[in-house]
**Student:** 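Following this message is one structure expressed as structure tokens.
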Amino acid sequence: MFDLNSLNPQQRQAVEHDLGPLLLLAGAGSGKTRVITCRISYLLQQRQVAATQILAMTFTNKSAREMRERVEQMVGRKACKGMVISTFHSLCVRILKSHIEKLGYKKNFSIYAASDQQRLVRDLLRDLVADSSAKDADRILWQISAAKNRLVSAAGFKPDINNPDSCLTAEVYPRYQKALKAYNAVDFDDLLMLVVQLFDEHPKVLADYQQRFVYQMVDEYQDTNPVQYRLLRQLSCVHGNLCVVGDDDQSIYGFRGADISTILNFEKDFPGTKVIKLEQNYRSTGNILASANAVICNNNKRRVKALWTADGDGEKVEYLLCEDDEDEARQVMERIHSERFKRKLEYRDFAILYRTNNQSRSFEEQLRYEDIPYVLIGGQKFFDRKEVKDLVAYLKVLINPFDEVNLLRILNYPRRGIGGTSADRLIRLSAESERPLWELLQQAVMIEDLSAKVVGAIDNFADLLKRYRQRFTKPLQMVETLRDLVKELKLDEELYRQENDPQKARRRVENQAEVINSMASYLERESEPTLAGFLERVSLLDDDNIGRNDKEKKLAQDAVTLMSLHSSKGLEFPVVFLVGMEEETLPHKKSIYETFDIDEERRLCYVGMTRARMQLVLIGARKRRRYGSLTQRDPSRFLSEIPEEVLLRLSSEVPRESSETEKEQLADSFFAGISNLFGDS
DNA sequence: GGGTCACCAGTTTTT
DNA sequence: CTGGTGACCC
């Protein structure tokens, strides 16, 4: 059990709060997670609340897992049985698994991730606009997603006449939704939206969940979008014990539909709300907090709070102005070396944070050059890699043969002689006859205009799918079956054939092998494994997803961390380098000229600053190589918001970088010298 | 059916 | 400077 006396008064008040809505405004580093986990433990132990009555929602699997582990540590594993701690999406998948048939889908539905969605929208758009590009499709998809986040259905979508994209979306959205249903597939946004719809249309189903979950908690409430908000309202309105935890100053996912006013309006929406602010910070030095506070208080729409620490001021925050991007990277290396020595730190104590992922390059180069171990967080996710998706596509189709996006994906992968022309013919026929593609594939002989060779290929393909579908019904032999599938498809050969660079090809083969490993570990962990269950985990990037494991494995070793400001939320490091502190980078260009949301950029800056425990170094460059050419840069406006007395301004004093012409002159005279040496005339 | 070339655009992204 | 895409050609 935990000691209530180890909490500060506000934390304790939050933990002991019993009935009625609670808004916990938890500043960065204020012990938020501790309060949630303690509160759950308190409910279980002190208030004798049954574990099954508790629902805790998070945004990431990682925080869900951590939360559960910490509660289990406090009250024991047994006491937690039946408690639901999960992400919004996982919870919704669970609900849909039991009830989706009420909405006209089948239980074995596929979950479409970004690439599946893209492929579908591209195809649909091509039917409408002949010269449509992938970029167009992405923009449309973006609009569809934004609509779904706002709970706007295909039928309810009203185009903005002045916006051509929006008009196109009005055309595509209904077709997209219709196709998904035909393919028995749902996208990520649907997972939430369909549950809201289910609850609206089937009050009895809703009532069951309302009765069950007496206490509800939501982490990172500032990141909820309108659909999630609606879901929480539906679930909580009977018992009214909704406890939300968040920090409006750390709302950085507005671009994904998160609405900061949701947290700002909480008391209005839930009358009788108790508000508790956690402002004592247990992470950063006084100077770091002073500068972060000074920056964030320039935002207007926010709940006023000011982080403070009982500890000392610490070192001043530094602002280091460098010559260019290369210099910026070199300066960071130098600081890593010296700080590591001076403060006896390890590589893992350093983080380099940036606004956009492409900023990582110069640092990676320099780190490699200096032989400093580093981990790059973000970038391409494991299950987003083509070769992985290709293999997973087979599994998806085996579960749900109506999943046409994935069926088309594997139809000619690896190449089996069913090319674009034949595929087009099949698709057209499928549309005309309104029969699923899978049905046609099973009777390829009946189709006119297909050569005997193609018919043979299709027959073999259909036969292969049927065979493996049969075999995968034996879950315990899943891994063996998958191995056989990879072997039979000769996927290794295919990868070596596609890739010129044998090294790359080998990596891709290994990635496919990782899928098999992932399945093996799923099989070990799960008491009732199924192929569908495995796919569900893969789709939701659940705990034994490889990308995540990789990330954690990497964090465990001693290495400098490189990541975007967005990825840094929730983490902390003794020394933080916040790089690229320049106008048009932070704040980003688009936020200045297009979206006009400087406040969110300021919050992003704030999140980055508050990651630092001991030392915060803000870095910018005078000029920077962008898309090949050198451009002048201005210091970020956020720098001028930091009080001078906590800021140490430094300028890198490197020997002035010689210009290109000077270099050429230097080279010329060098070669001239050599020629002279050899007595050339 | 697949490979090559020219062109274009270039945030963030928990699931 | 890059990577990704689509048109075009064999």
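A, B, ... follow the sequence lines: proteins, then strands. Residue 1 opens every chain.
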**Student:** In whole angstrom, give the distance that lies between atom CG of A:Asp136 and atom P of C:dG4.
**Tutor:** 19 Å

**Student:** Can you tell me the distance, in whole Å, between the NE2 atom of A:His89 and the P atom of B:dT13?
**Tutor:** 16 Å

**Student:** Report the distance from atom CG of A:Asp403 to atom CG of A:Leu395, rounding to the nearest 0.5 Å.
**Tutor:** 11.5 Å

**Student:** Look at the side chain of A:Ser564 and decide which nucleotide, out of B:dT13, B:dT15, B:dT11, has an atom nearest to it.
**Tutor:** B:dT13

**Student:** Base, sugar-phosphate or nothing for A:Tyr253? Non-hydrogen atoms, less than 4.0 Å.
**Tutor:** base

**Student:** Measure from the side chain of A:Asn412, starting at C-beta and using heavy atoms only, and say which of B:dG2, B:dT11, B:dT14 lies closest.
**Tutor:** B:dG2

**Student:** Nearest of B:dT13, B:dT15, B:dT11 to any side-chain atom of A:Thr595?
**Tutor:** B:dT11

**Student:** What's the NZ-P distance between A:Lys589 and B:dT12, to the nearest Å?
**Tutor:** 13 Å

**Student:** Answer with base, sugar-phosphate or nothing: what part of the nucleic acid does A:Arg126 contact at a heavy-atom distance below 4.0 Å?
**Tutor:** nothing

**Student:** Given A:Lys569, which partner from the list A:Asp247, A:Leu604, A:Asp223 fulfils the side chain to side chain contact (heavy atoms under 4.5 Å, CB included) test?
**Tutor:** A:Asp223

**Student:** So what does A:Leu586 touch, heavy atoms closer than 4.0 Å: a base, only the sugar-phosphate, or nothing?
**Tutor:** nothing

**Student:** Can you tell me how far C1' of B:dT15 sits from CD of A:Gln117, to the nearest Å?
**Tutor:** 11 Å

**Student:** Describe the nucleic acid contact of A:Gln359 in one word from base, sugar-phosphate, nothing, applying a heavy-atom distance below 4.0 Å.
**Tutor:** nothing

**Student:** Once you apply a heavy-atom cut-off of 4.0 Å, does A:Asn357 come out as touching a base, just sugar-phosphate, or nothing?
**Tutor:** sugar-phosphate

**Student:** Just how far, in rounded Å, is P of C:dC1 from CZ of A:Arg625?
**Tutor:** 9 Å

**Student:** Look up atom CZ in A:Phe59 and atom CD in A:Glu220, then write down how far apart they are to the nearest 0.5 Å.
**Tutor:** 7.5 Å

**Student:** Any cation-pi pair here, A:Lys590 with A:Phe596, using under 6.0 Å and within 45°?
**Tutor:** no

**Student:** From B:dT12, C:dT5, B:dG2, pick the nucleotide closest to the side chain of A:Arg122?
**Tutor:** C:dT5

**Student:** From the options C:dT5, B:dT11, B:dT12, select the nucleotide whose nearest atom is closest to the side chain of A:Phe255.
**Tutor:** B:dT12

**Student:** What nucleic acid atoms does A:Arg415 come within less than 4.0 Å of, heavy atoms only: base, sugar-phosphate, or nothing?
**Tutor:** sugar-phosphate

**Student:** Give a yes/no verdict on base stacking between B:dT11 and A:His588: centres under 5.5 Å, planes within less than 30° of parallel.
**Tutor:** yes

**Student:** Identify whether NZ of Lys or CZ of Arg in A:Lys97 sits under 6.0 Å from the centre of the six-membered ring of A:Phe109 and within 45° of that ring's axis.
**Tutor:** yes

**Student:** On DNA chain B, does the nearest nucleotide to A:Glu601 precede the nearest nucleotide to A:Val454 from the 5' side, or the other way round? Give the residue.
**Tutor:** A:Val454

**Student:** Take atom C1' in C:dG3 and the same atom in B:dT14, then report the distance between them in whole Å.
**Tutor:** 26 Å

**Student:** Considering only side-chain heavy atoms of A:Asp223, which listed nucleotide, B:dT11, B:dT12, B:dT14, is closest?
**Tutor:** B:dT14

**Student:** Whole-Å distance between B:dT14 P and A:Asp259 CG?
**Tutor:** 20 Å

**Student:** Measure from OH on A:Tyr606 to P on B:dT12 and round the result to the nearest Å.
**Tutor:** 24 Å

**Student:** Counting side-chain heavy atoms from CB outward, which of B:dT15, B:dT13, B:dT14 is closest to A:Phe59?
**Tutor:** B:dT14

**Student:** Between A:Asn358 (CG) and C:dG4 (P), how many Å, whole number?
**Tutor:** 14 Å

**Student:** Let me know, please, whether A:Ala258 or A:Gly417 comes out on the 5' side of the other along DNA chain B by nearest nucleotide.
**Tutor:** A:Gly417

**Student:** Consider side chain to side chain contact (heavy atoms under 4.5 Å, CB included). Of A:Glu583, A:Arg622, A:Glu582, A:Met581, which one does A:Arg633 pass it with?
**Tutor:** A:Glu582

**Student:** Among the nucleotides B:dT13, B:dG1, C:dT2, which one has an atom lying closest to any side-chain atom of A:Arg361?
**Tutor:** C:dT2

**Student:** Do A:Ser539 and A:Glu536 get their side chains close enough for a donor-acceptor pair, meaning under 3.5 Å?
**Tutor:** no

**Student:** Does a side-chain N or O from A:Ser90 land closer than 4.0 Å to OP1 or OP2 of B:dT15, or not?
**Tutor:** no

**Student:** Would you indicate, yes or no, if B:dT15 has its OP1 or OP2 atom less than 4.0 angstrom from a side-chain nitrogen or oxygen of A:Ser539?
**Tutor:** no

